[in-house]
Every structure is written in C-alpha cells, then in structure tokens.
Amino acid sequence: MYFRPATLNEALQTLSDHSVQILSGGTDFYPSLGDRPVTNPVLDISALRELRGIHHDADFIRIGGLTTWTDVIAAPLPPCFDALKAAAREVGSIQIQNRGTVAGNLCNASPAADGVPPLLALDAEVELVSREGKRRMPLSEFLVGNRKTERRHGEILTNIYVPRMASNATSVFLKLGARRYLVISISMVAAVIATDPQGRVSDARIAIGSCSATARRLPEMERALIGADARAGLGEIANASDLAALSPIDDIRATGAYRRDASLTLVRRAVEACVQGSTHG
C-alpha cells in the first residue's frame with residue numbers, strides 16, 4: 001500500500017490506522033533498500049506543504065520538518081545559523097540537498113548526520129505530533145542511539161525549534177573526510193560563540209558528530225570558555241580531557257584514536273574561526 005496524504009490530519013489518521021514506514025525526501029529511504037523492492041506500506045508525506053518552510057517567531061526560529069537543505073541554504077538567517085548552512089552544503093550532492101529534509105536527517109539518526117551537530121549547538125528542540133496530541137523535547141534527548149530516536153508509533157516530526165540567540169553570536173561547522181565532497185565524515189564539529197560588550201565569551205556551544213553513537217555536546221569545554229576573552233588563541237582552551245565522553249570507533253574510514261585526535265584539532269579550529277568572525281574578534 002502507498003499513501004500520499006494532502007494534509008497533516010490525513011497523515012496522522014493513516015498512521016493511526018496502518019503500520020507504515022514514513023517517506024519524506026527519500027534520500028535515506030531508497031538507498032537503504034539496496035536491490036530489494038519496497039514491500040511494506042509507505043506513507044509519503046512529501047505533499048504536506050504545511051510542514052515546509054522557516055518561520056521567525058518571537059522566541060524561536062521554527063524549521064518545518066519537510067524543509068529541504070536547499071531551503072536552509074537559501075533562507076535569510078542570523079549568523080548563529082552559519083554552521084547549519086555550512087552543514088547543509090555537505091549533505092550529499094545538490095540533488096540530495098534539493099530532496100533531503102531536515103526531519104528525515106534527524107529521524108534517520110545516523111551518527112554521521114551532518115545536520116545534527118549544528119542543531120545541537122543551537123539548543124534545538126523537536127516537535128512530535130500524533131492523533132493524541134503534540135510534545136516537544138530537546139534534540140539531545142530525541143536522539144538515543146545509532147538509528148534510534150524517541151519517536152513513537154503514530155508520531156510525525158513536524159517542526160524543529162531553535163531559540164533566538166544574541167545577535168552577535170557566530171557559528172562554524174567543520175567536517176573531516178577522506179575527500180572534499182560527497183563523503184561520510186570521520187569527524188565533524190559545530191561551534192556557536194556569543195560575546196558580551198567587553199569582548200568576553202558569554203555563551204558557548206560545541207557539538208561533535210561521527211565520534212559516538214549520537215552527536216554530543218562538550219559541556220566541560222563550554223563552561224571553560226565562558227568569561228574568556230574572545231581573541232586569537234581561545235581555541236587552546238580545548239584539551240583532550242574535554243573529549244573524554246566520546247566513544248569513537250575503528251572503521252574503514254579511520255581509527256578511534258585518529259578520530260579523537262582529529263576532533264580536538266577541529267574543535268580548536270572551530271573556536272578560532274568563531275572568534276575571527278565575531279564583532280570583537
């Protein structure tokens with residue numbers, strides 16, 4: 001069976017009545033099949049225009065779940081979203097960016113999902129809607145493991161909410177891979193740094209992907225940055241102990257030891273790049 005509802009209510013009713021797999025952009029769905037045909041019922045939500053677009057609310061910037069990565073790149077957004085835009089440009093080819101959706105990237109829950117570290121660094125929350133109602137939770141709680149989320153049966157990830165930050169916050173996304181484009185990352189880092197009028201760090205968020213079952217923030221390093229002068233050399237505050245909570249694996253792309261060492265270098269570079277881009281840098 002194949003369902004393609006025109007409204008969110010129709011989609012939720014279908015989810016309630018049938019056991020289906022949700023399809024949005026299809027950029028993860030079809031590759032996962034390999035040579036196998038589609039045999040399970042599919043709920044194609046790509047026609048739900050109400051779930052696409054970026055909206056500026058009073059306290060949040062709201063990203064519809066079906067917003068594509070091309071939409072993110074083209075949208076007028078404050079500098080703290082520069083890391084997310086940079087990550088969007090790394091999501092496969094331009095054709096993939098045109099079809100792949102933000103919600104699909106999050107629900108697929110790959111440890112190497114490019115969109116996750118920047119959204120974690122932005123303190124993003126996800127909204128999940130079902131016939132029973134809606135709920136919101138931090139993205140950090142939604143992602144619970146490799147390909148595992150807290151999405152329940154009958155729920156659709158409808159929106160991503162990002163709290164508004166200081167207007168002078170800068171952000172950077174860095175990705176290390178075996179080649180420049182079209183590559184699954186060895187490690188990736190997103191950093192968001194805000195400063196006060198005296199040029200000191202007033203807010204810092206650092207997130208690392210591809211080095212654990214889910215992307216992770218570095219709270220100890222974030223605390224160490226608060227109050228420091230936002231100037232060249234700030235990245236040296238980062239040290240290996242800040243990455244102790246990571247659990248990088250050995251695989252065909254890199255060893256765990258290399259991932260950990262490379263991640264420290266990426267963190268330092270990302271913080272330095274934020275300082276260079278700040279109004280006080």
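No hydrogens, no waters, no symmetry mates; every other heavy atom, side chains included, goes into these values. Keep in mind it's a predicted model, so treat the numbers as computed, not measured.
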**Q** Step by step, work out the side-chain hydrogen bond (donor to acceptor under 3.5 Å, both in side chains) result for S46 and S24.
**A** CA-CA 5 Å; S46 61; S24 53; over 6 Å; no
**Q** Considering only NZ, NE, NH1 and NH2 on the basic side and carboxylate oxygens on the acidic side, decide whether R135 and E155 come within less than 4.0 Å.
**A**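 The answer is yes: the pair qualifies as a salt bridge.
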**Q** Measure the spacing between CE of M1 and OG of S19 and express it to the nearest 0.5 Å.
**A**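 One finds 9.0 Å between CE of M1 and OG of S19.
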**Q** Could you walk me through whether D28 and R147 satisfy the salt bridge (charged side-chain N to carboxylate O under 4.0 Å, His left out) test, starting with their C-alpha distance in whole Å, then the side-chain angles of each, then the deciding distance to 0.1 Å, before giving a yes or no?
**A** CA-CA 12 Å; D28 289 311; R147 312 286 180 175; 5.3 Å; no
**Q** Report the C-alpha distance between R131 and Q13 in whole Å, list the side-chain angles of each, state the deciding distance to 0.1 Å, and finish with yes or no for side-chain hydrogen bond (donor to acceptor under 3.5 Å, both in side chains).
**A** CA-CA 7 Å; R131 294 285 291 176; Q13 186 62 56; 2.7 Å; yes
**Q** Around atom CD of E220, are there more than 12 heavy atoms of other residues, nucleotides or ligands at under 6.0 Å?
**A** no
**Q** Main chain of C80, side chain of S171: is a donor-acceptor contact present, judged purely on distance under 3.5 Å?
**A**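 Yes, the answer is positive, given that a donor and an acceptor are paired below the 3.5 Å cut-off.
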**Q** Is any side-chain N of the basic residue among E127 and R136 closer than 4.0 Å to the acidic one's carboxylate O?
**A**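 No, no charged N to carboxylate O under 4.0 Å.
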**Q** To check you understand the geometry: which heavy-atom pair defines the closest contact between L225 and V201, and what is its length?
**A** O-CB, 3.2 Å
**Q** How far apart are the C-alpha atoms of T70 and N98, what are their side-chain angles, what is the distance that settles it, and do they pass the side-chain hydrogen bond (donor to acceptor under 3.5 Å, both in side chains) test?
**A** CA-CA 5 Å; T70 297; N98 287 342; 2.6 Å; yes
**Q** Verify the neighbour count for atom CD1 of I226: are there more than 12 heavy atoms of other residues, nucleotides or ligands below 6.0 Å?
**A**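 Buried by this count: over 12 neighbours within 6.0 Å.
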**Q** Given side chains that start at C-beta, do those of I61 and H55 come closer than 4.5 Å, heavy atoms only?
**A** no
**Q** Would you name the heavy atoms of A238 and R268 that are closest together and state the gap between them?
**A** O-NH2, 3.0 Å
**Q** Got more than 12 heavy atoms from elsewhere within 6.0 Å of OH, Y258?
**A**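 Open: at most 12 neighbouring heavy atoms sit under 6.0 Å from OH of Y258.
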**Q** Using the salt bridge (charged side-chain N to carboxylate O under 4.0 Å, His left out) rule, take R164 and D59 through it: C-alpha gap first, then chi angles, then the decisive distance, then the call.
**A** CA-CA 6 Å; R164 290 187 176 274; D59 299 319; over 6 Å; no
**Q** Is it possible for you to say whether L264 and L174 belong to one hydrophobic cluster, with membership spreading through side-chain heavy-atom contacts below 4.5 Å?
**A**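 As far as the 4.5 Å side-chain criterion goes, L174 and L264 are connected within one cluster.
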**Q** Would a hydrophobic clustering, with Ile, Leu, Val, Met, Phe, Trp and Tyr connected at side-chain separations under 4.5 Å, put V275 with L266?
**A**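 V275 clusters together with L266.
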**Q** Around atom CZ of R217, are there more than 12 heavy atoms from other residues, nucleotides or ligands closer than 6.0 Å?
**A**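 Enclosed: over 12 neighbouring heavy atoms sit under 6.0 Å from CZ of R217.
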**Q** Between D251 and R259 (salt bridge meaning N to carboxylate O under 4.0 Å), is one present in this structure?
**A**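 Salt bridge: yes.
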**Q** Inspect the surroundings of CG in L8 and state if more than 12 heavy atoms from other residues, nucleotides or ligands are less than 6.0 Å away.
**A**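 Counting other residues, nucleotides and ligands, CG of L8 exceeds 12 neighbours.
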**Q** Under a 4.0 Å N-O cut-off, is there an ion pair linking D57 with R62?
**A**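 Yes.
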**Q** Counting only heavy atoms from other residues, nucleotides and ligands, does the tally under 6.0 Å from CZ of R49 exceed 12?
**A**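 No, the 6.0 Å shell around CZ holds no more than 12 heavy atoms from other groups.
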**Q** What's the verdict on side-chain hydrogen bond (donor to acceptor under 3.5 Å, both in side chains) for T7 and N9, showing C-alpha distance, side-chain angles and the deciding distance?
**A** CA-CA 5 Å; T7 68; N9 283 337; 5.4 Å; no
**Q** Could E222 and R205 be called an ion pair, given the rule that one side-chain N must be under 4.0 Å from one carboxylate O?
**A**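 The answer is no: the pair does not qualify as a salt bridge.
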